[in-house]
Peer 1: 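Let me give you the structure first, and then I'll get to my questions.
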Number of protein chains: 2
Amino acid sequence: MSKSTAAQSCPHNANISCGDCRLSSICLPLSLDTEDIGKLDEIVKKGTQLQRGDTLYKQNGEFCSVYAVRAGAIKAYHIDSGGQEQVVGFYLPGEILGTDGIAGHRYNNTAVALDTTAVCEIPFSQLEQLSSELPFLQRHFFRIMSREITDDQKMLTLISKNTADERLASFLISLSARHAQRQLSGSQFLLPMSRQDIGNFLGLTIETVSRVFTRFRKNLLIDVDGKSVQILNMDGLKDVARIAR
Amino acid sequence: MSKSTAAQSCPHNANISCGDCRLSSICLPLSLDTEDIGKLDEIVKKGTQLQRGDTLYKQNGEFCSVYAVRAGAIKAYHIDSGGQEQVVGFYLPGEILGTDGIAGHRYNNTAVALDTTAVCEIPFSQLEQLSSELPFLQRHFFRIMSREITDDQKMLTLISKNTADERLASFLISLSARHAQRQLSGSQFLLPMSRQDIGNFLGLTIETVSRVFTRFRKNLLIDVDGKSVQILNMDGLKDVARIAR
DNA sequence: CGGCCCTTTGACGATAATCAACGGGAGTGG
DNA sequence: CCACTCCCGTTGATTATCGTCAAAGGGCCG
């Protein structure tokens with residue numbers, strides 16, 4: 001894990017925009033008391049920059065902080081007692097990871113950077129204390145965790161009830177929506193993860209992922225070239241995913 | 001949903017033991033300030049009794065409370081936009097459900113009783129407020145939600161990486177462990193849910209569930225007769241589930 | 001007693017896994 | 001600069017697990 005010099009200017013040296021690193025990093029509503037904002041910013045530690053492959057935290061490592069992704073992408077995976085690896089999530093800018101560690105005081109997953117990635121560390125003990133003082137923050141954190149629960153449950157449905165085509169279409173639509181939410185193109189983006197990671201996440205083999213990509217390309221739903229994806233027919237893709245247009 | 005007369009005596013009329021309905025219902029450590037216990041008990045509403053098939057809350061219904069199961073069993077399921085139903089959890093005495101509703105102010109799942117079931121309602125707004133005053137409670141609730149997250153992630157692994165045999169074996173072991181935790185027999189218990197529910201939960205068809213049960217019976221791992229299960233060879237079952245003995 | 005629902009069992013088929021081979025790009029070393 | 005290797009991704013052939021379709025048994029309730 002390597003520290004970046006750029007991160008030095010964030011969040012307390014306000015000479016660069018640091019949107020995702022501060023309040024918006026945990027998706028808070030914008031209309032807040034400036035004093036409260038100040039309190040929250042105080043506990044958000046200086047950002048950290050990770051290189052591709054760097055580990056943010058390790059499964060069974062002591063749980064200290066949750067993290068907000070500012071830039072790049074993080075993969076979280078769990079290795080069970082049988083040695084099986086399961087990718088449990090990809091985290092993009094604006095998203096929070098690490099909450100799995102609260103229950104057992106140890107991280108339940110390992111988090112690695114898929115790209116050059118910037119994160120902000122939020123020490124949990126301080127977050128807890130501040131949550132007691134700021135009701136909106138407590139509520140907000142409850143929501144973040146609740147959201148993670150419902151997301152995981154959606155994944156459960158996706159994997160247990162849907163075909164390979166439906167899973168991959170849903171995955172692409174989810175990535176597209178998350179890009180669009182950040183004011184980026186929802187129709188053209190890069191996949192930060194490997195086919196292996198996608199397959200693992202979706203409960204498919206790498207070969208199946210590859211075949212489905214090819215099938216989508218032939219059907220003019222998307223254009224794929226390596227990590228680059230362009231969605232050519234979003235309605236068609238939603239039909240495949242069986243999601244209302 | 002029917003109110004029980006027995007529940008009237010709980011939790012504030014102390015003439016019956018009501019362990020699971022009070023603090024232990026959310027698995028709190030026992031060594032607490034009596035005043036704090038009092039505060040918490042005040043917000044836990046009178047218990048409710050449900051008959052088999054009664055709905056505790058409905059997907060998309062307004063989120064008001066989380067619930068602690070005192071007796072019986074609850075099934076939670078989600079119906080997605082495509083009409084697909086996914087059982088996302090079974091809740092036994094001592095377990096908390098409803099946290100999925102926090103994020104969107106609406107329940108994300110529907111919860112129905114599988115048996116005659118007693119629950120305690122915990123209004124969330126009051127829980128939030130009290131959590132701000134009682135740090136241990138806030139921490140505890142964070143943990144409950146974190147636990148739900150890691151449990152869901154385990155299910156993800158189970159469904160996406162394991163065979164039908166492994167899934168069902170893991171399921172039986174989990175039920176056994178949860179019974180044992182409540183000082184009940186871990187080797188002999190009743191399944192409160194149908195084969196259909198088990199199959200849906202584990203991402204299998206009812207026929208596959210039935211066949212696997214039969215296979216386990218033939219291999220003398222368990223004895224099944226309808227809803228009644230007896231585990232004859234726990235080590236063997238753990239081997240099948242690929243869980244360390 | 002009859003009907004209904006849940007469960008079991010059997011036969012068959014389809015989806016995705018497995019096994020295998022190959023192509024291309026990146027990095028390394030001669 | 002080129003040859004080599006390694007990793008990642010693609011494609012093909014075959015297999016296996018589980019789903020689908022079908023039928024029948026057993027328990028419960030009216």
Side-chain angles (χ1 to χ4, degrees), chain A residues 51-53 75 84-87 112 114-116 157-172 190-219 221-229 240-242, chain B residues 51-53 73 75 84-87 112 114-116 157-172 190-219 222-229 240-242:
Chain A
Q51 298 305 318
R52 178 188 166 85
K75 160 180 89 165
Q84 277 180 330
E85 184 174 325
Q86 172 71 43
V87 174
V112 303
L114 294 170
D115 249 336
T116 302
T157 308
L158 191 67
I159 290 184
S160 89
K161 302 285 185 293
N162 293 24
T163 63
D165 285 30
E166 290 161 358
R167 292 183 218 179
L168 198 56
S170 294
F171 178 68
L172 291 173
L190 294 178
L191 300 171
M193 70 294 284
S194 67
R195 302 286 192 269
Q196 180 71 63
D197 288 336
I198 296 173
N200 189 306
F201 183 56
L202 296 176
L204 300 170
T205 59
I206 183 176
E207 293 96 328
T208 300
V209 172
S210 179
R211 279 185 248 270
V212 176
F213 268 133
T214 303
R215 207 175 303 150
F216 284 179
R217 185 149 32 83
K218 283 183 182 160
N219 295 341
L221 292 171
I222 61 173
D223 197 10
V224 210
D225 180 22
K227 305 262 186 206
S228 166
V229 172
V240 171
R242 303 201 300 176
Chain B
Q51 298 306 318
R52 177 189 168 86
K75 159 180 89 163
Q84 278 180 328
E85 184 174 323
Q86 173 71 44
V87 174
V112 302
L114 294 169
D115 248 337
T116 302
T157 309
L158 191 66
I159 289 184
S160 90
K161 300 285 184 293
N162 293 23
T163 64
D165 284 29
E166 289 161 359
R167 292 183 218 178
L168 198 57
S170 293
F171 178 68
L172 291 172
L190 293 178
L191 299 171
M193 70 293 285
S194 68
R195 301 287 191 270
Q196 180 71 62
D197 289 335
I198 296 173
N200 189 307
F201 183 57
L202 296 175
L204 300 170
T205 59
I206 183 175
E207 294 94 329
T208 299
V209 172
S210 180
R211 279 186 249 272
V212 176
F213 269 133
T214 302
R215 206 175 305 149
F216 284 179
R217 187 148 31 85
K218 282 182 182 160
N219 295 340
I222 62 173
D223 197 10
V224 210
D225 180 22
K227 305 263 185 205
S228 166
V229 172
V240 171
R242 305 201 298 175

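Computed from a predicted structure; not experimentally measured. In what follows, every chain begins at residue 1, and chains take the letters A, B, ... in the order their sequences are listed.
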Peer 1: Any sub-3.5 Å donor-acceptor pair from Gln86(B)'s side-chain atoms to Asn200(B)'s backbone N or O?
Peer 2: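 A pair under 3.5 Å: yes.
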Peer 1: Spell out, as yes or no, whether a donor-acceptor pair under 3.5 Å connects the side chain of Lys161(B) to the backbone of Gly203(A).
Peer 2: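 Checking the backbone N and O of Gly203(A) against the side chain of Lys161(B), no donor-acceptor pair under 3.5 Å is found.
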Peer 1: Is Leu168(B) close to Val240(B) at the side-chain level, that is, under 4.5 Å between some pair of heavy atoms?
Peer 2: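 Val240(B) does not reach Leu168(B) side chain to side chain.
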Peer 1: Atom pairs under 3.5 Å, N or O on each side, protein against nucleotides 21-26 of chain C: can you list them with distances?
Peer 2:
none

Peer 1: Send over the distance from Phe213(B) CZ to dT7(C) P, rounded to a whole Å.
Peer 2: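 Spelled out: CZ on Phe213(B) to P on dT7(C) is 10 Å.
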Peer 1: Does dT7(C) have its OP1 or OP2 closer than 4.0 Å to a side-chain nitrogen or oxygen of Lys227(B)?
Peer 2: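 Checking dT7(C) against Lys227(B), a side-chain N or O does come within under 4.0 Å of OP1 or OP2.
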Peer 1: Identify the pairs formed between an N or O of the protein and an N or O of nucleotides 18-20 of chain C at a distance under 3.5 Å, and give each distance.
Peer 2:
{"unit_1": "dT18(C)", "atom_1": "O4", "unit_2": "Arg211(A)", "atom_2": "NH2", "d": "3.0"}
{"unit_1": "dC19(C)", "atom_1": "N4", "unit_2": "Glu207(A)", "atom_2": "OE2", "d": "3.2"}

Peer 1: Search all heavy atoms of Pro192(B) against all heavy atoms of Asp115(B) and return the closest pair with its distance.
Peer 2: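 Between these two residues, the closest heavy atoms are CB-OD2, 4.0 Å.
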Peer 1: What is the minimum heavy-atom distance between Ala164(B) and Leu204(B), and which atoms define it?
Peer 2: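 Where Ala164(B) meets Leu204(B) most closely, the heavy atoms are CB-CD2, 3.8 Å.
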Peer 1: Going by salt bridge (Lys or Arg N to Asp or Glu O under 4.0 Å), name the residues that satisfy it together with Arg242(A), two or more places apart in sequence or in a different chain.
Peer 2: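 Glu166(A).
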Peer 1: Whole angstroms only, please: what is the CZ-C1' distance between Phe216(A) and dT10(D)?
Peer 2: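 So the two atoms are 16 Å apart, to the nearest Å.
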Peer 1: Kindly write out the residues that satisfy salt bridge (Lys or Arg N to Asp or Glu O under 4.0 Å) with Arg52(B), not counting sequence neighbours, or none if the list is empty.
Peer 2: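 Once residues adjacent in sequence are excluded, Arg52(B) has no partner under the salt bridge (Lys or Arg N to Asp or Glu O under 4.0 Å) criterion.
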Peer 1: For Leu158(B) and Arg167(B), which heavy atoms make the closest approach, and how far apart are they?
Peer 2: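 Heavy-atom minimum between the residues: O-CG, 3.7 Å.
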Peer 1: Could you tell me whether Lys161(A) contacts a base, only the sugar-phosphate backbone, or nothing, with contacts defined as non-hydrogen atoms closer than 4.0 Å?
Peer 2: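 Contact class for Lys161(A): none.
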Peer 1: Roughly how many Å is it from CZ in Arg217(A) to C1' in dG9(D), rounded to a whole number?
Peer 2: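 For the pair Arg217(A) CZ and dG9(D) C1', the rounded distance is 11 Å.
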Peer 1: Does any N or O in the side chain of Asp197(B) come within less than 3.5 Å of the main-chain N or O of Val87(B), such that one atom is a donor and the other an acceptor?
Peer 2: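 The answer is no, because no donor-acceptor pair under 3.5 Å joins these two groups.
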Peer 1: Of the non-hydrogen atoms in Ile159(A) and Ser160(B), which two are nearest, and what is the gap between them?
Peer 2: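 Result for this residue pair: CG2-CB, 3.7 Å.
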Peer 1: Return the set of residues passing side-chain contact (heavy atoms from CB on, under 4.5 Å) with Ile206(B) (not counting sequence neighbours), or none when no residue passes.
Peer 2: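 Testing Ile206(B) for side-chain contact (heavy atoms from CB on, under 4.5 Å), a comparison that skips the adjacent residues, returns Arg195(B), Gln196(B).
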Peer 1: Return the value, rounded to whole Å, for the distance between atom CG of Leu114(A) and atom P of dC8(D).
Peer 2: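 Roughly 13 Å, once rounded to whole Å.
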Peer 1: Under 3.5 Å, sequence neighbours excluded: what are the donor-acceptor pairs made by side chains of residues 211-218 of chain B?
Peer 2:
{"unit_1": "Thr214(B)", "atom_1": "OG1", "unit_2": "Ser210(B)", "atom_2": "O", "d": "3.0"}
{"unit_1": "Arg215(B)", "atom_1": "NH1", "unit_2": "Asp165(B)", "atom_2": "OD1", "d": "2.5"}
{"unit_1": "Arg215(B)", "atom_1": "NH1", "unit_2": "Asp165(B)", "atom_2": "OD2", "d": "3.2"}

Peer 1: Could you tell me how far apart Arg52(B) (CZ) and dC5(C) (P) are, to the nearest whole angstrom?
Peer 2: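 Rounding to the nearest Å, CZ of Arg52(B) and P of dC5(C) are 13 Å apart.
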Peer 1: Looking at residues at least two apart in the chain, or sitting in another chain, which of them share a side-chain hydrogen bond (donor to acceptor under 3.5 Å, both in side chains) with Thr208(A)?
Peer 2: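 For Thr208(A) the side-chain hydrogen bond (donor to acceptor under 3.5 Å, both in side chains) partners, ignoring immediate neighbours, are Thr205(A).
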Peer 1: Answer yes or no: is there a side-chain heavy-atom contact under 4.5 Å between Val209(A) and Leu202(A)?
Peer 2: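 Side-chain contact under 4.5 Å: no.
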Peer 1: Applying ring-ring contact (aromatic ring centres under 6.0 Å, His included), can you list everything that pairs with Phe201(B), at least two apart in sequence or on another chain?
Peer 2: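 Per chain and number, Phe201(B) pairs via ring-ring contact (aromatic ring centres under 6.0 Å, His included) with Phe90(B), Phe171(B).
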Peer 1: For the helix from dC1(C)-dG30(D) to dG30(C)-dC1(D), figure out the bend between the end axes, five pairs an end, and round to 10 degrees.
Peer 2: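 The two end axes of the helix from dC1(C)-dG30(D) to dG30(C)-dC1(D) meet at 30°.
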Peer 1: Walk along nucleotides 23-30 of chain D from 5' to 3' and tag each nucleotide B, S or - by protein heavy-atom contact under 4.0 Å, base first, then sugar-phosphate.
Peer 2: --------
Peer 1: Nearest 0.5 Å, what's the CD1-CG distance between Ile222(A) and Leu172(A)?
Peer 2: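 Output value for this atom pair is 5.5 Å.
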Peer 1: Rounded off to whole Å, could you give me the CD1-to-C1' distance for the Ile206(B) and dT20(D) pair?
Peer 2: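 Going from Ile206(B) (CD1) to dT20(D) (C1'), I get 13 Å.
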Peer 1: Let's see if you get this right: which residues in residues 191-200 of chain B place a heavy atom under 4.0 Å from DNA chain D?
Peer 2: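 Within residues 191-200 of chain B, no residue comes under 4.0 Å of DNA chain D.
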Peer 1: Grab the CD1-P distance between Ile159(A) and dA16(C) for me, whole Å please.
Peer 2: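 Whole-Å distance recorded here is 13 Å.
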Peer 1: Rounded to whole Å, please give me the gap between CG in Leu204(A) and C1' in dT10(D).
Peer 2: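 To the nearest whole Å, that distance equals 16 Å.
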